[in-house]
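Heavy-atom basis, side chains included; hydrogens, waters and symmetry copies ignored. Every chain is numbered from 1 and lettered A, B, ... according to where its sequence line falls, protein lines coming before strand lines. Not measured: the values here are computed from a predicted model.
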Number of protein chains: 2
Amino acid sequence: MSDLLERLRGRGWRMTSQRRVVAEVLNGDHVHLTADEVHARAARRLPEISRATVYNTLGELVSLGEVIEVSTDGRAKRYDPNAHHPHQHLVCSNCGTIRDVHPRGNPLADLPAEERFGFTVSEAEVTYRGLCPSCA
Amino acid sequence: MSDLLERLRGRGWRMTSQRRVVAEVLNGDHVHLTADEVHARAARRLPEISRATVYNTLGELVSLGEVIEVSTDGRAKRYDPNAHHPHQHLVCSNCGTIRDVHPRGNPLADLPAEERFGFTVSEAEVTYRGLCPSCA
DNA sequence: ATCCTACGATGGACAGAATCCAAGTCAAGA
DNA sequence: TCTTGACTTGGATTCTGTCCATCGTAGGAT
Ligand SMILES: [Mn+2]
Ligand SMILES: [Mn+2]
Ligand SMILES: [Zn+2]
Ligand SMILES: [Zn+2]
């Protein structure tokens, strides 16, 4: 995720150890951490980092379009660094595991004009639910 | 929604004025109220009803499959009495208005087997977002 | 290398949503 | 009418997230 750090620098971000650590924590595939999980992992490398800073940094990353906010349950939002490849989510109803999935076709196309009620529809977010192999 | 009251009686529910009022508030089309909104409306008819009872009753209705929990934003969950006709939701990104919509086809069918990672997928929840006519 | 300062970090207070709990109440069967 | 366990209540508690005054520092200016 050093591309991310480069891009952020290019956007005029002041590079601090806190921001660097948050960006490092959000690295990998199928990463969907809550703010508190990000904070816990960041604190392993930088013990004094505050929750407020983690929330601030995550909020900025979302504004910049580098991270996506995902709320699959009614609980804490999750932060998803896979922001540049559109995808949907498959969630285990039992243990909460989340996987990125790529349904076929464009979900938007399935909503007929007469079901749009005059809205300008721009996005469709799909959450598939079921039991993961370990929970089945 | 007196069918609902009948069904609940049939399920062995003790019928209290609080439960009756909550069920009455959840009556109509495109109803997607938060627990606090339900409480406020219930309290107009039954001033001393408590928030705890509203939460309890809504939780029971959800367990019984009579009401669906919807969380379209990261805020309060909304409670949807339209539980017996499968549908999806169209949400205004600006004002939050919610409409029931019926996309064509079965959303589940768009997820190929090789994108299911061994999950037993049972449900697909779609949230369409855009601007409503008043906000556009 | 040092100085400046605006931007960022901090922790604690605060707010919103939801759950928990001990004590009191009452629906409905006996 | 009596009895009892299910239901209700208000307040405390938890969880998630935001706000704010103050302090610290990244990085440009000198
Ligand atoms: Mn994802
Ligand atoms: Mn609905
Ligand atoms: Zn699972
Ligand atoms: Zn609107």
Side-chain angles (χ1 to χ4, degrees), chain A residues 4-6 8-25 32-64 66-80 96, chain B residues 5-6 8-26 32-43 45-64 66-80 96 98:
Chain A
L4 173 55
L5 291 179
E6 286 311 315
L8 295 175
R9 222 184 300 266
R11 300 221 208 200
W13 253 34
R14 182 176 292 188
M15 195 47 55
T16 67
S17 52
Q18 291 85 349
R19 287 174 166 179
R20 210 185 325 267
V21 167
V22 168
E24 281 168 10
V25 165
H32 304 94
L33 299 169
T34 66
D36 272 344
E37 288 166 350
V38 171
H39 178 244
R41 296 190 185 200
R44 296 210 284 260
R45 297 172 135 269
L46 194 65
E48 289 319 311
I49 190 172
S50 71
R51 287 190 346 118
T53 293
V54 170
Y55 274 104
N56 288 341
T57 305
L58 290 173
E60 289 156 8
L61 289 169
V62 169
S63 301
L64 294 175
E66 299 288 352
V67 162
I68 288 172
E69 261 176 358
V70 180
S71 20
T72 51
D73 48 7
R75 319 278 312 221
K77 287 179 196 157
R78 295 183 171 273
Y79 292 86
D80 183 347
Chain B
L5 289 180
E6 286 311 316
L8 295 175
R9 223 184 300 267
R11 300 219 205 202
W13 254 34
R14 181 175 293 188
M15 195 47 55
T16 67
S17 52
Q18 291 86 349
R19 286 173 167 181
R20 209 184 326 269
V21 168
V22 168
E24 281 167 11
V25 166
L26 290 175
H32 304 95
L33 298 170
T34 65
D36 271 344
E37 288 166 352
V38 171
H39 178 246
R41 296 189 187 200
R45 298 171 136 269
L46 193 67
E48 61 288 0
I49 190 173
S50 72
R51 287 182 357 107
T53 294
V54 170
Y55 274 105
N56 288 341
T57 305
L58 290 173
E60 289 155 7
L61 289 169
V62 170
S63 301
L64 294 175
E66 298 288 352
V67 163
I68 287 171
E69 260 176 359
V70 180
S71 19
T72 51
D73 49 7
R75 319 275 314 212
K77 287 178 196 158
R78 296 183 169 273
Y79 293 86
D80 184 348
I98 303 179

Any heavy-atom pair between the side chains of [Y] and [X] that's under 4.5 Å?
X	Y	answer
B:Val22	B:Ile49	yes
B:Arg41	B:Leu33	yes
B:Leu61	B:Leu26	yes
A:Trp13	A:Leu64	yes

Side-chain N or O of [X] versus OP1/OP2 of [N]: is the shortest distance under 4.0 Å?
X	N	answer
B:Ser50	D:dT8	no
B:Gln18	C:dC26	no
B:Tyr55	C:dA18	yes

Provide, to the nearest angstrom, the distance between the [atom1] atom belonging to [X] and the [atom2] atom belonging to [N].
X	N	atom1	atom2	answer
A:Arg51	D:dG17	CZ	P	9 Å
A:Glu60	D:dT18	CD	C1'	14 Å
B:Asp73	D:dT16	CG	C1'	14 Å
A:Lys77	D:dC15	NZ	P	19 Å
A:Arg19	C:dG8	CZ	C1'	6 Å
B:Arg75	C:dA15	CZ	P	14 Å
B:Leu8	C:dA27	CG	P	17 Å
B:Asn56	C:dC26	CG	P	17 Å

Under 3.5 Å between N/O atoms: give me all the protein pairs with nucleotides 21-28 of chain D, atom names plus distance.
from   : atom 1 : to      : atom 2 : distance (Å)
D:dG27 : OP1    : A:Met15 : N      : 2.8

query = Restricting to pairs with a member in residues 67-76 of chain A, which pass salt bridge (charged side-chain N to carboxylate O under 4.0 Å, His left out), not counting sequence neighbours?
reply =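 Applying salt bridge (charged side-chain N to carboxylate O under 4.0 Å, His left out) to every pair that reaches into residues 67-76 of chain A, excluding sequence neighbours, yields A:Glu69-A:Lys77.
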
ask   = Is the shortest distance from a Lys or Arg side-chain nitrogen in B:Arg11 or B:Glu66 to a carboxylate oxygen in the other one below 4.0 Å?
value = yes

request  = Specify the residue among B:Arg78 and A:Thr57 whose closest nucleotide of DNA chain C lies further upstream toward the 5′ end.
outcome  = A:Thr57

ask   = Do you know the tightest heavy-atom contact between A:Ala76 and A:Thr34?
value = CB-CG2, 3.9 Å

note = In short, B:His32 meets B:Glu37 closest at the heavy-atom pair O-OE1, 4.2 Å

query = Counting any heavy atom closer than 4.0 Å, what does B:Ala76 reach on the DNA or RNA strands: base, sugar-phosphate only, or nothing?
reply = sugar-phosphate

ask   = Hey, can you pull the residues of residues 32-47 of chain A with a non-hydrogen atom under 4.0 angstrom from DNA chain D?
value =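 Those residues whose heavy atoms fall under 4.0 Å from DNA chain D, taken from residues 32-47 of chain A, amount to none.
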
ask   = Does the A:Arg19 side chain pair with the main chain of A:Thr57, one donor and one acceptor, at a distance under 3.5 Å?
value =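 Side chain of A:Arg19 to backbone of A:Thr57, a donor-acceptor pair under 3.5 Å: no, none is there.
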
